[in-house]
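Notes to accompany the following structure.
Chain A is the first sequence line, chain B the second, and so forth, proteins listed ahead of strands; every chain is numbered from 1.
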2 protein chains.
Amino acid sequence: MGNRTVYCGRVSKDNLEQPITLQGWVQKRRDLGGVIFIDLRDREGIVQVVFNPKNSQEAWEIADSCRSEYVIEVTGIVKNRGKEAINPNMQTGEFEVMASNITILNKAKTPPFSIEEDTKAGDDIRLKYRYLDLRRTNMTRNLKLRSKTTRAIRHFLDDHEFLDIETPFLGRSTPEGARDYLVPSRVHPGHFYALPQSPQIFKQLLMDAGLDRYYQIVRCFRDEDLRGDRQPEFTQVDIEASFLTPEDIQNYTEQMLAKVMQDTLGIDIERPFPKMTWDEAMNRFGSDKPDTRFGMELIDLSEVVKDVDFKVFQMALQNGGVVKALNAKGAAKNYSRKDMDQLGQYASQFGAKGLAWLKVEEDGLKGPIAKFLTDVSDEIIRQTDAEVGDLIMFGADSFEVVAATLGAIRTRLARELDLIDQSKFNFLWVVDFPQFEYSQEEGRYVSAHHPFTMPKESDIPYLETDPAKVHAEAYDIVLNGYELGGGSLRIHTKELQEQMFKTLGFSPEKMEEQFGFLLEALDYGFPPHGGIALGLDRLVMLLAGEDNIREVIAFPKNGKAMDPMTNAPSTVSPLQLYELNIDVTDTEE
Amino acid sequence: MGNRTVYCGRVSKDNLEQPITLQGWVQKRRDLGGVIFIDLRDREGIVQVVFNPKNSQEAWEIADSCRSEYVIEVTGIVKNRGKEAINPNMQTGEFEVMASNITILNKAKTPPFSIEEDTKAGDDIRLKYRYLDLRRTNMTRNLKLRSKTTRAIRHFLDDHEFLDIETPFLGRSTPEGARDYLVPSRVHPGHFYALPQSPQIFKQLLMDAGLDRYYQIVRCFRDEDLRGDRQPEFTQVDIEASFLTPEDIQNYTEQMLAKVMQDTLGIDIERPFPKMTWDEAMNRFGSDKPDTRFGMELIDLSEVVKDVDFKVFQMALQNGGVVKALNAKGAAKNYSRKDMDQLGQYASQFGAKGLAWLKVEEDGLKGPIAKFLTDVSDEIIRQTDAEVGDLIMFGADSFEVVAATLGAIRTRLARELDLIDQSKFNFLWVVDFPQFEYSQEEGRYVSAHHPFTMPKESDIPYLETDPAKVHAEAYDIVLNGYELGGGSLRIHTKELQEQMFKTLGFSPEKMEEQFGFLLEALDYGFPPHGGIALGLDRLVMLLAGEDNIREVIAFPKNGKAMDPMTNAPSTVSPLQLYELNIDVTDTEE
């Protein structure tokens with residue numbers, strides 16, 4: 001339908017010598033010896049259109065008046081280019097269209113930045129003119145990739161008995177978790193809806209309703225301070241099922257992701273995905289989302305150095321901490337003393353008091369702390385597999401601080417030393433997460449995932465006696481060092497859910513007020529169930545090889561949660577506030 | 001995966017004599033002569049499970065302890081029932097499962113209402129225990145139907161080059177249109193996001209970005225007073241394309257709906273759908289969304305009665321109005337004088353001053369106004385095709401009031417007289433809508449659709465001189481008397497868009513402040529484009545044969561925009577308000 005017979009970017013040998021009609025934007029116009037060449041662009045790519053006055057004087061004249069980003073419709077015959085004119089960098093580079101007709105559908109002013117793959121335009125100007133920014137090939141490609149990704153996900157889940165079910169956006173505010181976006185109710189003065197941080201409770205209730213398998217690709221909202229890969233609204237692939245084991249859910253997730261990789265990038269991913277416990281991940285990689293595309297694992301040297309006369313190590317060990325090392329193979333030459341000072345400062349962001357290090361030279365270990373380690377240097381060399389030219393770094397502190405520090409150093413060095421094979425997609429399951437984290441701020445245990453997560457059955461007795469010991473039936477899926485998503489079995493009995501709230505420090509009143517309806521629902525035949533939620537933005541970002549989710553969202557907010565195009569958020573009329581029974585207490589400008 | 005080998009509702013002859021494992025809820029438990037029969041239910045249906053103590057005493061004892069809504073897992077062998085025991089009302093009625101094993105996965109208290117197709121529970125109790133309400137076969141069926149519907153829509157659009165692209169939920173408030181739901185910004189005090197009433201502008205900007213074909217199944221929000229088929233949030237199938245004609249867009253829509261009908265109900269719908277102009281629809285049916293499953297059309301008698309000495313008719317005609325009639329065939333006996341008084345009162349809701357009527361008897365027209373019409377009674381009989389026993393009603397007023405009145409009477413009588421074939425799905429296009437409606441309240445023309453709608457080219461000159469005359473390139477899709485959706489070509493040049501805002505009474509400042517970004521976008525090569533949006537809730541409601549969209553939404557709000565289950569909206573903490581820089585000026589309780 002429509003006049004177009006083929007997309008510009010799909011002109012191929014099937015069209016040779018055929019008349020075609022194209023519709024698109026003028027990417028470039030050149031006049032070569034009285035013949036006009038227009039690179040015509042649509043969402044599928046670019047093709048060269050030729051206007052020869054001998055062919056049609058009228059078309060030539062119109063083409064001559066065209067400028068960049070004019071919208072035109074062109075009819076012509078597809079020809080092979082001469083051998084010398086073939087453009088191997090262009091999908092359609094073997095062909096050109098000899099135009100006989102052209103219509104200008106709309107004109108264009110000169111855009112504020114050029115519509116090219118590599119724009120140098122700043123973030124805010126790109127967002128202000130997002131409709132122009134999205135015309136760039138890579139942005140169009142990203143949005144197409146995103147559409148293909150959700151399509152693959154949906155097709156897989158549709159084919160495995162999962163029902164696409166919508167849950168409300170206007171929900172109830174629950175203070176557990178991140179900060180809610182609120183929506184004042186006009187009908188109920190002083191009352192507010194909250195936008196969902198996730199449809200967690202609703203999807204559990206759908207299981208209670210017997211719907212057995214649910215999915216939704218759904219927007220979620222968190223009013224948190226923004227960072228590089230955070231947006232006020234983000235999209236979640238939300239999955240829940242009854243009567244399945246964690247392994248079943250992981251298995252489905254793997255199949256789904258394998259289909260995504262196949263349908264989007266044509267890559268066959270090996271299955272099953274590797275799996276490691278949270279304890280192992282923290283031990284070996286200092287991270288609960290390790291990037292396994294490179295080695296450089298953490299090596300525990302606590303035993304080796306337990307008797308050396310180096311105060312920092314001794315303090316750490318005496319306080320129940322650990323001493324661990326990283327060996328950056330061959331990196332000694334890349335890091336000067338000054339660089340190491342900088343790395344030390346970086347380490348301090350993660351709580352470390354410093355970063356001890358050594359370089360491996362022909363005649364042994366060298367560096368500021370080498371003198372303390374003379375007795376154990378052979379053993380250090382053996383355990384870190386050290387060779388001449390290696391750079392060995394040490395963390396000595398509590399388990400948590402050492403993990404955080406060396407984990408971060410490991411990732412940074414891999415980037416700086418270019419150790420990462422960018423073509424790899426390393427999926428990984430991290431399982432058996434701790435159920436709780438202790439919040440110094442709140443003086444109580446808080447949920448590591450959320451309060452509906454099922455504890456490991458053997459750990460249930462510790463809920464009352466020693467919450468720190470409780471591990472959860474929770475699993476994260478990690479891709480190339482990013483947490484792609486996480487899930488768990490959920491609690492499906494009232495007794496256990498009440499115990500969980502108690503451990504989390506809920507009073508009976510608070511429990512009832514906030515989650516009374518859920519506790520009541522647990523009384524009426526709630527099936528065993530569990531699920532997973534994946535971050536779609538991040539998944540597509542990784543598939544696209546981008547490093548910011550803004551590049552895979554059509555209309556994202558900027559770093560100040562603003563849209564520079566529409567200027568949202570904006571002030572509103574006094575009538576609107578009056579109707580909502582609210583007043584503004586402070587204004588920005 | 002999981003232990004289940006087959007859904008209860010899908011046990012079939014393929015499973016005969018095979019061991020199967022089921023997981024589900026106890027619908028009913030009976031003890032017949034020491035043998036226990038459990039009707040076991042999952043989302044696909046019900047199957048009968050038999051526990052004979054001779055088979056397994058242990059299983060029998062557990063089964064004996066089961067109560068309604070217990071969640072159990074059962075293993076057994078599928079058998080044919082004896083001929084006399086076959087239940088023809090049950091999908092699996094020919095079979096039963098001889099159980100050898102049973103595990104209770106969770107217990108249940110007695111539910112507050114029974115889990116049966118026909119519940120007598122009130123709306124609010126159903127919503128409070130929605131997870132139980134959704135267990136009822138018809139609700140489960142509705143949600144499955146909804147999932148099937150979106151699946152069919154997506155598959156069709158995916159296969160026709162439409163890209164699924166997400167647009168923001170946190171947008172900018174635009175006072176044109178219905179009332180917005182607002183979301184206070186924490187980062188920008190005194191500023192607010194608005195939840196989208198539709199992604200209208202964003203989808204147009206996606207066309208500007210060259211993405212060519214877009215769709216999204218997306219939640220939209222309107223803070224309006226609620227009626228039977230309205231919800232604060234509703235779901236829209238949103239479609240936009242560049243370079244297409246209205247006929248192209250209608251054609252795609254028809255194909256898509258035909259696929260939906262086929263994939264959900266197995267019904268082959270005839271195409272192309274009939275089409276009529278807005279003028280014709282109003283003339284013949286008194287409605288811009290006529291139910292064409294029955295006749296009883298409006299008949300214009302203005303010419304016939306122009307000289308009769310009946311003041312009501314004369315007044316109407318002298319004021320430029322019309323006199324029209326409805327003939328309810330054979331309905332004279334169904335409506336007493338008292339009934340007609342009631343109908344007259346009903347008519348007055350639509351602005352009519354009364355409802356004149358006649359009954360056709362052996363000896364001519366009878367009724368309160370018959371005496372005025374003696375001279376033209378033959379012509380009335382001829383034009384209304386009247387026969388003995390018919391009931392003829394008259395509307396005499398402005399065109400609009402007569403249309404509204406007789407249109408409503410027509411629909412009401414069809415229902416009361418059972419004239420509607422409920423098995424029919426009558427799709428209809430209504431095209432060439434007026435561009436504007438005059439708002440008495442605002443003292444200006446307002447958009448009938450929205451201010452981005454393209455006027456008919458020939459009507460563009462009237463934008464300045466006589467807006468009432470302007471018709472739009474707008475079309476609605478109607479199903480069985482419901483507006484299923486609507487669309488239009490959009491304006492794609494700055495001049496015309498500015499003229500449109502001017503006609504709508506926008507000052508240059510207001511234009512710039514609210515839509516400056518769109519006007520600017522029109523400068524950079526905006527392609528010709530158009531689209532359509534369909535109401536998913538209403539579509540599924542009609543497919544399901546329900547008469548309220550609440551029945552096809554998993555977790556709807558009640559008539560007060562509340563969720564009786566979670567008690568949303570709720571009060572929030574002072575800290576939350578403080579962080580958002582707002583105060584509540586009035587509270588409900």
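Residue A:Ile104: no heavy atom, backbone or side chain, is found under 4.5 Å from chain B. If you measure heavy-atom distances from B:Lys107 to chain A, the contacts under 4.5 Å come from the backbone alone. Heavy atoms closer than 4.5 Å to chain A are found in both the backbone and the side chain of B:Leu182. Interface remark: B:Ser185 contributes side-chain atoms only to the contact with chain A (heavy atom separation under 4.5 Å). There is no contact between B:Leu157 and chain A, counting heavy-atom distances below 4.5 Å. Only the side chain of B:Pro528 has a heavy atom closer than 4.5 Å to any heavy atom of chain A.
Nearest heavy atoms, B:Gly525 versus A:Val71: O-CG2, 3.3 Å. Of all non-hydrogen atoms in A:Ala209 and B:Leu134, the two that sit nearest each other are CB-CB, 3.6 Å. Taking all atoms of both residues into account, the shortest heavy-atom contact from B:Lys557 to A:Tyr193 is CE-CE2, 3.8 Å. The minimum heavy-atom distance between A:Phe169 and B:Arg219, with the atom names listed, is CD1-NH1, 3.1 Å. Here the closest heavy-atom approach between residue B:Thr110 and residue A:Tyr524 is recorded as O-CE2, 3.4 Å. Pairing each heavy atom of A:Glu161 with each of B:Arg43, the nearest pair is O-NH2, 2.7 Å.
Using a 4.5 Å heavy-atom cutoff, the side chains of B:Phe192 and A:Val584 are in contact.
Taking 4.0 Å as the cut-off between side-chain N and carboxylate O, B:Asp159 and A:Arg151 count as a salt-bridged pair. Under 4.0 Å is where a charged nitrogen must lie from a carboxylate oxygen, and between A:Arg130 and B:Asp208 no such pair does. A:Arg154 has no carboxylate O lying under 4.0 Å from a charged side-chain N of B:Asp158, or vice versa, which leaves the two without a salt bridge.
To the nearest 0.5 Å, atoms CD (B:Glu520) and OH (A:Tyr129) are separated by 3.5 Å. Taken to the nearest 0.5 Å, the CG atom of A:Leu577 stands 9.0 Å off from the CD1 atom of B:Ile582. Once rounded to the nearest 0.5 Å, the distance linking CZ of B:Phe555 with CD of A:Glu166 reads 12.0 Å.
Checked by atom type and distance alone, the side chain of A:His188 pairs as donor or acceptor with a backbone atom of B:Lys560 at under 3.5 Å. Checking side-chain atoms of B:Asp583 against main-chain N and O of A:Thr585 turns up no donor-acceptor pair under 3.5 Å. A:Arg186 places a side-chain N or O within donor-acceptor distance of the main-chain N or O of B:Asp223, the cut-off being under 3.5 Å.
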*B:Gln23 vs A:Ser242, side-chain hydrogen bond (donor to acceptor under 3.5 Å, both in side chains): CA-CA, chis, key distance, verdict*: CA-CA 9 Å; B:Gln23 293 163 320; A:Ser242 298; over 6 Å; no

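Applying the side-chain hydrogen bond (donor to acceptor under 3.5 Å, both in side chains) test to A:Thr21 and every residue at least two apart in sequence or in another chain returns A:Thr75.
Chain B forms more heavy-atom pairs under 4.5 Å with one residue of A:Ile165, A:Thr235, A:Ile201 than with any other, namely A:Thr235. With chain A as the partner, the residue from B:Thr245, B:Thr167, B:Thr140, B:Asp42 showing the most heavy-atom pairs under 4.5 Å is B:Thr167. Heavy-atom pairs under 4.5 Å with chain B peak, among A:Tyr181, A:Phe515, A:Tyr7, at A:Tyr7. Ranked by non-hydrogen atom pairs under 4.5 Å with chain B, the options A:Leu195, A:Val183, A:Asp133, A:Leu575 are led by A:Val183.
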